[in-house]
Asker: 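There's a structure below that I have some questions on.
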Amino acid sequence: MTKTHVWRKPDGMSIIFVLLGVIILLFIFAPLLKTVVSSSPGVLWNTLLDEEVYSSILLTIYAAMIATLVGLFLGVPLAYLLARRQFWGKRFLEGLIDIPIVIPHSAAGVALLFVFGSNFLAGEVFHTIGISFFNSVAGVVIAMIFVSIPFLIDSAKEGFKTVDVRLEKVARTLGASPWRSFFRVSLPLAWRSIFSGSVMMWARGASEFGAVLILAYYVPFFGHYARVAPILVADRFASFGLEYAQPVTAIVILISLIVFISLRTIAYRGEKA
Amino acid sequence: MTKTHVWRKPDGMSIIFVLLGVIILLFIFAPLLKTVVSSSPGVLWNTLLDEEVYSSILLTIYAAMIATLVGLFLGVPLAYLLARRQFWGKRFLEGLIDIPIVIPHSAAGVALLFVFGSNFLAGEVFHTIGISFFNSVAGVVIAMIFVSIPFLIDSAKEGFKTVDVRLEKVARTLGASPWRSFFRVSLPLAWRSIFSGSVMMWARGASEFGAVLILAYYVPFFGHYARVAPILVADRFASFGLEYAQPVTAIVILISLIVFISLRTIAYRGEKA
Amino acid sequence: MIAIKNLKVDLGDFLLQNIDLEINSGEYFIILGPTGAGKTVLLEAIAGLYPVLEGEVWIDGREVTRLSPEKRRIGIVYQDYSLFPHLSVEGNIAFGLRLRKYPKASIKEKVNAIAEIVGVTHLLERKPQTLSGGEQQKVALARVLVTEPEVLLLDEPLSALDPETKERMQSTLKELHRRVGVTIIHVTHDFEEAVALGERVAVLNNGCIAQVGAPEEILRQPSSEFVAHFALSRNIFTGKAEEGEDGHACVDVGGIKLRAITELKGKVRLSLRPEDIIISKEPLHSTARNCFEGVVSDIAHRGAVVYVTVNLPPDFICLITRQSFEELGLREGVKVWITFKASAMHVF
Amino acid sequence: MIAIKNLKVDLGDFLLQNIDLEINSGEYFIILGPTGAGKTVLLEAIAGLYPVLEGEVWIDGREVTRLSPEKRRIGIVYQDYSLFPHLSVEGNIAFGLRLRKYPKASIKEKVNAIAEIVGVTHLLERKPQTLSGGEQQKVALARVLVTEPEVLLLDEPLSALDPETKERMQSTLKELHRRVGVTIIHVTHDFEEAVALGERVAVLNNGCIAQVGAPEEILRQPSSEFVAHFALSRNIFTGKAEEGEDGHACVDVGGIKLRAITELKGKVRLSLRPEDIIISKEPLHSTARNCFEGVVSDIAHRGAVVYVTVNLPPDFICLITRQSFEELGLREGVKVWITFKASAMHVF
């Protein structure tokens, strides 16, 4: 049986709201779609085989992954503390964590260089153990962490908040140390939020342009020199114009979409809507 | 009376989690702080008086504001629909709205140019009414909207979700049309989330570098030519190096922080933590 | 008159269907059913707030099935009252009038008048969050009554209140209905509430209407096991209350006069729980003020207890233990005395 | 033995303070108090889950105030049971054993043994979300009992259950306590529950302990108005139950034998609501199985009703209307008969 609702004239507000919604969705997707379909698959494939392109994509994926792993290690504990502890100035601190999202990325790059550049404090410390951040993969990673870690912290925090603190308390009385209670109860129950935060962090890191441009424009990567994909796109556009930049833009957008959508699907698989 | 808890040795996990949290906070704030305090107030003041700097900052603030207003007009209705209506593929659509966050910004710029460039469809339509997007303030605005509107939509959606739908239903039976019910009940009750989403959108728009770089690098603005602040920072760094880029970076970071923190404070004023 | 014809509504898990109801103007109508039977959705469908699949809704001879809710002149009060948290009590009550763009003075006057009637005049400046449940309830009633709806829908209006407030609000509702004369459709899962307030009751089960009728009809002639389950455990009588001796009330229920505790006069109903009645072979002289002779007319065994119906007339249903039952040697036709305390009766 | 010495805990709005308690090993101890009196926080402070400001907690002669919760051997069951949603019932019960790294076979054996005792053997493969409230309760008990705690803390364990399940779980708790012999501290706001289960009761009000003692003590000698408010409305007796005539039970409560409906034998307690007692000048012959002569020993007026204490001995508190009271001409020292149905008594 098909359900047929008794017909009622849709009210004016619904119609206008849907129209405005369609405009915004078109505004977001028309450019992406147009860019992706403007090249034939053959051209896209040849572009992908261009060594400069594929090493750039590999560098981006790799560096964003390292950034996300570091983010998990450093950010999840902070997220847990923010979800569980009450302390003076917490609301302010939570606001501060969003700041990397709103600092101009080029300014963030300059600021990072001020600390991690080889003739500055943190930079020198790392330099003695052989890590340099200027024009190196480590620099790409640092820039990515900076701009993307708020997404992971916020999402993990919300995840931990949904875990009833009594479950942890019960685990403690059953004999679990704080570590055990964290790894056996809190973490498994918050994993979905942590994972989806990681996906956001990874994707946001991979999309970073400004901070990476300043800190690590051109970096040695597995015997070659490479640029992250967002820089490659901008360079091709600056050097050769729109037409020539189009195929590599299409590839970068496609890969972003495919990875992001499939990871999100995994994150929400089996969850009731 | 001061409250003194019976002393218990803090457990190892808390100590380590706090340490990791401090590392991440240091990582975020040390660069910003160092950049800001490295110049004397006098140098900062002189930098601010540099015409190139202040017109750049005005352009950034102005364009981000226009972008946010457009975002409110187009995005809030969509947020309302997403909060209230159930439809097939809604979860997928909600995921799609986050895509501008994860698309490399330079690629987003290229993609936008593919639609809004003067020899492309939308660009031509607007061209006939005298609006051009390539190297114009309109282009800056378009780029900012693209990368920042997800923040407003997500926040407004969460805000509308917290408004009990029965309040709207009651308003309807009391004689309110859908419009009246929206403006008299839903909007006032969700305003805090919408406002704080607007702050995020404004700040994120003002921080945009990659997409603006591609679309509107240098634009006519009140009789002069100007670049948005993130581009100015990157240009000074590229042309003159770290030392010379530092004061303008400090100014841009300071202004971002001041505006962001004060608007956030307004948004949460009077709310119980 | 409200007519609901063959209404069908999608509840997600199941369908509300074959709903046919006629509710008279000015009637206090109860829709009774267990939680999750779709009672709230039925109300919302009547108000135009929930889409219907099939069927029609008529109010006073005009079909409103396709009319938007703001044009139906149907008010609704939800279980949680749904006061606007951003408005004061005064702002809540005036909401509907301001929408209609009444002059300011007239709004003020109407708001004060209705506030007086429901008794919230002293609360007008307060915010809804600072009110107790009973007060919120009254404000919600004032807010909808001030717009003079033709029909008032009440969605479990008493279930969130503590027992004492509940009783007071029952009287308030009854009083309001008398004074304002609006048609009321009141949804509840509480049989006692249905009996106390309803002129007619529709029993809703599993998305269908199981029975419609006066409370006594539902009680004495349940059309199904399901309805009987709601009704079996209660003695309910209609009678005429008057001043008795010693200042206590006396209720004539057709043949016998019951001593009861009540301030009410005239036509009343009263209920009596079966377990509050003592059966004996001889009359008892005690603090229990009611003692009557009757004939056992029906016996129903229920495990360790027995339901004995004693006809005076009317029928009284009594609950006794199996041991007492056997000791008394009860069977149909036997003469017995029944005794119950005046305070055991609920008069309304 | 658990000793709590001068405990002080910060509840945010107010302080829990001057808490001094001694609870014997193997005792079933009740902490009784209204909602929001800080009962849960007190339990958490005992378990080491909530920071204390001052004072000491001792278990069996060792001070544990500074000990972390996992080292205290104190189990807790929360009101909502707090089962781990990502583990099966079996995984929940085995949680504590797996932490202790017991061999697999031994874990399996212990889990099965405790599942048998609480009666959840058939549920081991299920996920907690699919269980009813009563089942979740049992699993929560099994999960904590399998770790053999010295003390078991129960936080309003019955308040989320429907009345029927509640009664069954009361028996289960009593039975478990008898079999396992663990010390239990059970928090509740329900006086009847406290009386039904507790060997001793501490009444908590406003962050302080108002009274500690056996349930009858709390009842007969309330130390304050507040405690009396909890206790006044109940008749509670301790007695010895034995087989009576005709197969029904007979409970000797020191002097008089009450006819009751119960399967229990030996030492029992029973409660009787004051409003279930009829007072008369002459003995009544009726289905009510209990009728005794006594002397009015106390009269307390409460508006339209009167509490009359009748001493047989023991004292029975009866609730009658003011009209009945006046009609009977009651005053202290007058001889009266009291009558109540066997089924009106609750034996436990």
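Lettering of chains follows the sequences in order, A, B, ..., and the numbering in each one begins at 1. Everything numeric in this text was worked out from a predicted model, so none of it was measured. Heavy-atom basis, side chains included; hydrogens, waters and symmetry copies ignored.
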Asker: When only pairs under 4.5 Å are counted, which of A/Phe260, A/Phe27, A/Phe92 shares the most heavy-atom pairs with chain B?
Answerer: A/Phe27

Asker: Go through the atoms of B/Tyr217 and report whether side chain, backbone, both or neither lie under 4.5 Å from a heavy atom of chain A.
Answerer: neither

Asker: In terms of heavy-atom pairs under 4.5 Å, which option from A/Ile214, A/Thr35, A/Ile16, A/Leu81 contacts chain B the most?
Answerer: A/Ile214

Asker: Below 30° counts as parallel, above 60° as perpendicular, anything between as tilted: where do the rings of B/Phe160 and B/Tyr80 land?
Answerer: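 The rings of B/Phe160 and B/Tyr80 stand perpendicular, inter-plane angle above 60°.
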
Asker: CD1/B/Ile101 to CG/B/Asp154 distance, rounded to the nearest 0.5 angstrom?
Answerer: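 If we round to the nearest 0.5 Å, B/Ile101:CD1 and B/Asp154:CG are 6.5 Å apart.
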
Asker: Can you tell me which of B/Val22, B/Thr60, B/Leu78, B/Val102 forms the most heavy-atom pairs within a distance under 4.5 Å of chain A?
Answerer: B/Val102

Asker: Residue by residue, which of residues 83-90 of chain B have a heavy atom closer than 4.5 Å to a heavy atom belonging to chain A?
Answerer: B/Arg85

Asker: Which of parallel (below 30°), tilted (30 to 60°) and perpendicular (above 60°) describes B/Phe209 and A/Phe209?
Answerer: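 Taking A/Phe209 first and then B/Phe209, their aromatic rings lie parallel (interplane angle under 30°).
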
Asker: CZ/B/Phe17 to CE/B/Met13 distance, rounded to the nearest 0.5 angstrom?
Answerer: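 The distance works out to 4.5 Å.
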
Asker: In terms of heavy-atom pairs under 4.5 Å with chain B, which of A/Pro100, A/Pro178, A/Gly71, A/Ala79 leads?
Answerer: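 Counting heavy-atom pairs under 4.5 Å, the top option is A/Pro178.
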
Asker: Under a 4.5 Å cutoff for heavy-atom pairs, which residue among B/Pro150, B/Ser148, B/Ala234 has the most contacts with chain A?
Answerer: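 The answer is B/Ala234.
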
Asker: Find the one option among B/Leu232, B/Leu19, B/Ile99, B/Ile23 whose heavy-atom pairs under 4.5 Å with chain A are most numerous.
Answerer: B/Ile99

Asker: Let me know if B/Phe237 has heavy atoms under 4.5 Å from chain A in its side chain, its backbone, both or neither.
Answerer: side chain

Asker: Can you label the angle between the A/Phe183 ring and the A/Trp179 ring as parallel, tilted or perpendicular, going by 30° and 60°?
Answerer: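 A/Phe183 vs A/Trp179 ring planes: parallel.
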
Asker: Closest heavy-atom contact between B/Leu72 and B/Ser198?
Answerer: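 Here B/Leu72 and B/Ser198 meet closest at CD2-OG, 3.4 Å.
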
Asker: Out of curiosity, B/Ile149 CD1 to B/Thr68 OG1, how far, rounded to the nearest 0.5 Å?
Answerer: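 Separation between the atoms: 9.5 Å.
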
Asker: Drop me the distance from B/Ile258's CD1 to B/Leu263's CG, to the nearest 0.5 angstrom.
Answerer: 11.5 Å

Asker: Report which part of B/Leu32 has an atom under 4.5 Å of a heavy atom belonging to chain A: side chain, backbone, both, or neither.
Answerer: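 Answer is both: backbone and side chain atoms of B/Leu32 are under 4.5 Å from chain A.
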
Asker: Heavy atoms only, distances under 4.5 angstrom: which of B/Ala229, B/Gly12, B/Ser207, B/Ala238 has the most pairs with chain A? Name it, please.
Answerer: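 Top count of heavy-atom pairs under 4.5 Å with chain A: B/Ser207.
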
Asker: Below 4.5 Å from any heavy atom of chain B, which atoms of A/Val18 appear? Answer side chain, backbone, both or neither.
Answerer: both

Asker: Taking atom CZ of A/Phe29 as the centre, report whether more than 12 heavy atoms of other residues, nucleotides or ligands fall under 6.0 Å from it.
Answerer: yes

Asker: Please state whether the side chain, the backbone, both or neither of B/Ser38 comes within less than 4.5 Å of a heavy atom of chain A.
Answerer: side chain

Asker: Distance-only check: which donor-acceptor pairs under 3.5 Å involve side-chain atoms of residues 103-117 of chain B, not counting sequence neighbours?
Answerer:
{"from": "B/His105", "atom 1": "NE2", "to": "B/Arg204", "atom 2": "NH2", "distance (Å)": "3.2"}
{"from": "B/Ser106", "atom 1": "OG", "to": "A/Pro230", "atom 2": "O", "distance (Å)": "2.5"}

Asker: Find the one option among A/Leu213, A/Asp98, A/Leu82, A/Ile97 whose heavy-atom pairs under 4.5 Å with chain B are most numerous.
Answerer: A/Asp98

Asker: Identify the two heavy atoms, one from A/Glu94 and one from B/Arg264, that lie closest to each other, and give their separation to 0.1 Å.
Answerer: O-NH2, 4.3 Å

Asker: With respect to chain B, which residue among A/Ser14, A/Ala206, A/Pro77 yields the maximal number of heavy-atom pairs within a distance under 4.5 Å?
Answerer: A/Pro77

Asker: Between A/Val228, A/Ile153, A/Ile142, A/Val70, which shows the greatest number of heavy-atom pairs under 4.5 Å with chain B?
Answerer: A/Ile142

Asker: Nearest 0.5 Å, please: how far is OG in A/Ser186 from CD in A/Glu168?
Answerer: 3.5 Å

Asker: Less than 4.5 Å to any heavy atom of chain A: does that hold for the side chain of B/Leu96, its backbone, both, or neither?
Answerer: both

Asker: If you take all heavy atoms of A/Ala211 and A/Val147, which pair is closest and at what distance?
Answerer: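 In terms of heavy atoms, the two residues are closest at CB-CG1, 4.3 Å.
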
Asker: Residues in salt bridge (charged side-chain N to carboxylate O under 4.0 Å, His left out) with A/Arg227, at least two apart?
Answerer: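 Partners of A/Arg227 under the salt bridge (charged side-chain N to carboxylate O under 4.0 Å, His left out) test: A/Glu52, A/Asp235.
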
Asker: Select all residues of residues 246-256 of chain B having any heavy atom within less than 4.5 Å of some heavy atom of chain A, and report them by number, or 'none'.
Answerer: B/Gln246, B/Thr249, B/Val252, B/Ile253, B/Ser256

Asker: CG/A/Leu74 to CG/B/Leu25 distance, rounded to the nearest 0.5 angstrom?
Answerer: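 Reported to 0.5 Å precision, the distance equals 10.5 Å.
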
Asker: Given a strict heavy-atom distance threshold of 4.5 Å, which part of B/Ile261 is in contact with chain A: side chain, backbone, both, or neither?
Answerer: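 Just the side chain, heavy atoms under 4.5 Å.
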
Asker: With a 4.5 angstrom heavy-atom cut-off, could you sort out which part of B/Ile145 is near chain A: side chain, backbone, both or neither?
Answerer: both

